[in-house]
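Each residue takes its place number in the sequence, starting with 1. No experiment lies behind these values; they were computed from the predicted model shown.
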Amino acid sequence: MPELAEVEFYRRQWDAGMRETVLGVALHAEKRIFRGTNTRALVRALSGKRLLRSEARGKRMLFRFSDDNCLGLHLGMSGKMWSAPADYRAEKHDHLVLSLAKRTLVFRDARQFGRVQFHHGKNTQPWWSDDDPPEIISPGFTRAFFDRFLIRHAKAPIKAVLLMQSGFSGIGNWMADEILWRAKVLPAHRTGKLTARQRALIYRATRFVAREALRIIGRDFSDPPPSWLLNVRWARAGRCPRDGTTLKRATVGGRTTAWCARCQH
């Protein structure tokens, strides 16, 4: 599933059409990614409007068009977005296509776990609120916020807590594993049993991984340095980049998890 950095990369792909006018909108209105969305209103409202700006929050994106029109996108498990040539011909799983004069903006989701939402008006849309949890790299993601969230979920394994979007916006499976590996904390460790030092290490690692993932992956989908766990976590005989120990795997927090039994405790 695309996480914070991958979402940022895909957001930038549609930014190629910034300030251009939407000449046409094609979509598969019957698909579940449009659940709860008035697709007829979406088509009418976006046709003839200009793409003005975009932003990302965690795993979600918002694209603002002229005349107070907003398009919300969530990539789900398999969503992808890109800017194609103006003469692009949509394929089977291209569920939303915006035709511009110089290019075509495509949203593809083969498995349809993603979502497309639409809002018109100056008022705040309920699915994009100022009350959303703070972004990891924002000033709002303070140590106090972090500690309060961990206290509220003291009985859960720390891996499961890191996956909770109400506290760790944009963090997904691979980022959670990377954070805990860097903090040298076992993914199954109960959150309420963490020491003050462990909490401090997890907080620092969370900020570092989010910041560097956005800088490296979010920019152009580059691979992180060889020192990252991400490069080996799915390899059949993947070894810890720190000490060479063969990685362990199990399901923690409902997700397949990789860790080093030697350096994570």
Side-chain angles (χ1 to χ4, degrees), residues 1-12 14-15 52-64 70-76 79 81 114-115 117 119 122-183 185 187 189-192 194-219 224 228 230 253-255:
M1 177 181 288
E3 303 178 27
L4 181 151
E6 292 93 341
V7 168
E8 174 63 11
F9 170 80
Y10 285 122
R11 181 191 67 81
R12 293 185 179 200
W14 272 30
D15 276 0
L52 300 180
R53 59 188 182 276
S54 71
E55 54 189 297
R57 291 183 184 174
K59 299 182 180 182
R60 301 168 298 143
M61 291 166 278
L62 182 72
F63 293 87
R64 298 185 185 274
C70 297
L71 190 65
L73 297 180
H74 191 297
L75 297 172
M81 299 162 58
R115 192 162 186 184
Q117 294 172 292
H119 176 79
K122 293 183 180 296
N123 57 308
T124 301
Q125 48 277 21
W127 39 266
W128 194 271
S129 170
D130 291 337
D131 294 328
D132 288 343
E135 295 299 293
I136 302 297
I137 63 170
S138 74
F141 190 79
T142 63
R143 180 62 194 274
F145 172 85
F146 172 88
D147 284 337
R148 287 196 302 270
F149 193 81
L150 264 57
I151 290 170
R152 290 202 300 272
H153 303 282
K155 294 183 179 180
I158 183 60
K159 168 66 182 282
V161 175
L162 288 176
L163 294 175
M164 295 177 181
Q165 297 304 293
S166 55
F168 296 89
S169 181
I171 300 299
N173 200 23
W174 79 257
M175 293 185 76
D177 282 357
E178 187 76 37
I179 290 165
L180 294 174
W181 175 74
R182 289 178 176 276
V185 174
H189 198 118
R190 180 164 303 184
T191 301
L194 293 169
T195 66
R197 181 174 183 275
Q198 287 176 317
R199 292 196 300 272
L201 290 171
I202 294 170
Y203 177 75
R204 249 192 333 265
T206 300
R207 299 270 290 189
F208 173 84
V209 170
R211 183 181 66 249
E212 289 302 289
L214 283 169
R215 184 181 67 85
I216 299 169
I217 301 172
R219 181 180 57 197
W228 282 48
L230 174 60
R255 303 298 300 277

Novice: Restricting to non-hydrogen atoms, name the atom on A160 and the atom on G253 that form the minimum distance, rounded to 0.1 Å.
Specialist: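 Taking every non-hydrogen atom into account, CB-CA, 3.8 Å.
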
Novice: Determine, step by step, whether R64 and E55 satisfy the salt bridge (charged side-chain N to carboxylate O under 4.0 Å, His left out) criterion, reporting the C-alpha distance in whole Å, the side-chain angles of both residues, the deciding distance to 0.1 Å, and the verdict.
Specialist: CA-CA 9 Å; R64 298 185 185 274; E55 54 189 297; 3.3 Å; yes

Novice: Rounded at 0.5 Å granularity, tell me how far CD1 in I202 sits from CG in L150.
Specialist: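 The CG atom of L150 is 6.5 Å from CD1 of I202, to the nearest 0.5 Å.
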
Novice: What pair of heavy atoms forms the shortest contact from I136 to G167, and how long is it?
Specialist: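 The pair with the smallest heavy-atom distance is CD1-O, 4.5 Å.
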
Novice: Enter the distance from I216:CD1 to F9:CZ here, rounded to the nearest 0.5 Å.
Specialist: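 With rounding to 0.5 Å, CD1 (I216) is 14.5 Å from CZ (F9).
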
Novice: What closest approach, in Å, do G79 and P2 show between heavy atoms, and which atom pair accounts for it?
Specialist: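 What the structure gives for the nearest pair is O-CG, 4.1 Å.
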
Novice: Taking the side chain as C-beta and beyond, is there a heavy-atom pair between K59 and E6 under 4.5 Å?
Specialist: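 They are not in contact (no side-chain heavy atoms under 4.5 Å apart), so the answer is no.
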
Novice: May I have the step-by-step check of side-chain contact (heavy atoms from CB on, under 4.5 Å) for E8 and M61, ending in yes or no?
Specialist: CA-CA 8 Å; E8 174 63 11; M61 291 166 278; over 6 Å; no

Novice: Tell me, with the steps shown, if L162 and L180 meet side-chain contact (heavy atoms from CB on, under 4.5 Å).
Specialist: CA-CA 9 Å; L162 288 176; L180 294 174; 3.6 Å; yes

Novice: Taking C-beta and beyond as the side chain, do S54 and L62 meet within less than 4.5 Å on heavy atoms?
Specialist: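 Not touching, per the 4.5 Å side-chain cut-off.
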
Novice: Okay, side chain of E178, backbone of V209: is any donor-acceptor separation there less than 3.5 Å?
Specialist: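 Not at all, since once roles are kept as given, no pair shorter than 3.5 Å links the two residues.
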
Novice: Taking the six-membered ring of W174 (Phe, Tyr or Trp), confirm whether the NZ or CZ of R255 is under 6.0 Å from its centre and within 45° of its axis.
Specialist: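 The answer is no; the distance or angle limit is not met.
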
Novice: Give me the atom names and distance for the closest heavy-atom approach of L230 to P224.
Specialist: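 Looking at all heavy atoms of both residues, the shortest contact is CD2-CG, 3.7 Å.
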
Novice: Has R190 got more than 12 heavy atoms of other residues, nucleotides or ligands less than 6.0 Å from its CZ?
Specialist: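 No, not enclosed.
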
Novice: Can you find a heavy atom in the side chain of L4 that is under 4.5 Å from one in the side chain of M175?
Specialist: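 Result yes, sub-4.5 Å side-chain heavy-atom pair found.
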
Novice: Set out, in order, the CA-CA distance, both residues' side-chain angles and the distance that settles salt bridge (charged side-chain N to carboxylate O under 4.0 Å, His left out) for D15 and R53, then state yes or no.
Specialist: CA-CA 8 Å; D15 276 0; R53 59 188 182 276; over 6 Å; no

Novice: Side chains of F63 and L52, heavy atoms from C-beta outward: is any pair under 4.5 Å?
Specialist: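 A side-chain contact under 4.5 Å is absent here.
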
Novice: Would you say N173 and E3 make side-chain contact, with heavy atoms under 4.5 Å?
Specialist: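 Answer yes - side chains close enough.
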
Novice: Supply the atom-to-atom distance R182 CZ to T206 OG1, rounded to the nearest 0.5 angstrom.
Specialist: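 So the gap between those two atoms works out to 11.5 Å.
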
Novice: Roughly how far, to the nearest 0.5 Å, is CZ of R152 from CE of M164?
Specialist: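 It is 10.0 Å, given to the nearest 0.5 Å.
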
Novice: Taking the side chain as every heavy atom from C-beta outward, state whether Q117 and L71 have any pair of such atoms under 4.5 Å apart.
Specialist: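 SC-SC contact between Q117 and L71 ruled out.
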
Novice: Sort out for me which residue in F145, F208, F141 forms a ring pair (Phe, Tyr, Trp, His ring centres under 6.0 Å) with Y203.
Specialist: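 Output: one option passes, namely F141.
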
Novice: Taking it one step at a time, do H153 and T191 satisfy side-chain contact (heavy atoms from CB on, under 4.5 Å)?
Specialist: CA-CA 7 Å; H153 303 282; T191 301; 5.5 Å; no

Novice: Mind listing the closest non-hydrogen atom pair of A5 and A213 along with its distance?
Specialist: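 Heavy atoms of A5 and A213 come nearest at CB-O, 3.3 Å.
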
Novice: How many angstroms lie between CZ in R199 and CD1 in I158, if you round to the nearest 0.5 Å?
Specialist: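 Reported value, rounded in 0.5 Å steps: 10.0 Å.
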
Novice: Judged by atom type as modelled, is there a donor-acceptor pair below 3.5 Å linking the side chain of S169 to the main-chain atoms of Q165?
Specialist: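 Not a single qualifying donor-acceptor pair exists.
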
Novice: Regarding D177 and K159, does a basic nitrogen lie under 4.0 Å from an acidic carboxylate oxygen?
Specialist: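 Salt bridge present between D177 and K159.
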
Novice: The test is side-chain contact (heavy atoms from CB on, under 4.5 Å); show your working for R115 and L73 and say whether it passes.
Specialist: CA-CA 6 Å; R115 192 162 186 184; L73 297 180; over 6 Å; no

Novice: State, yes or no, whether a side-chain contact exists between L201 and V185 at a heavy-atom distance under 4.5 Å.
Specialist: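 A side-chain contact under 4.5 Å is absent here.
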
Novice: If a pair satisfies salt bridge (charged side-chain N to carboxylate O under 4.0 Å, His left out) and one of its residues is in residues 200-209, list it, with sequence neighbours excluded.
Specialist: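 Every candidate salt bridge (charged side-chain N to carboxylate O under 4.0 Å, His left out) pair involving residues 200-209 fails, so no pair, neighbours aside, qualifies.
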
Novice: Can you tell if the side chain of M81 reaches within under 4.5 Å of the side chain of L75, non-hydrogen atoms only?
Specialist: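 Contact flag for M81/L75 side chains = yes.
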
Novice: How are the rings of F149 and F168 set relative to one another: parallel (under 30°), tilted (30 to 60°) or perpendicular (over 60°)?
Specialist: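 The arrangement is perpendicular - the two ring planes meet at more than 60°.
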
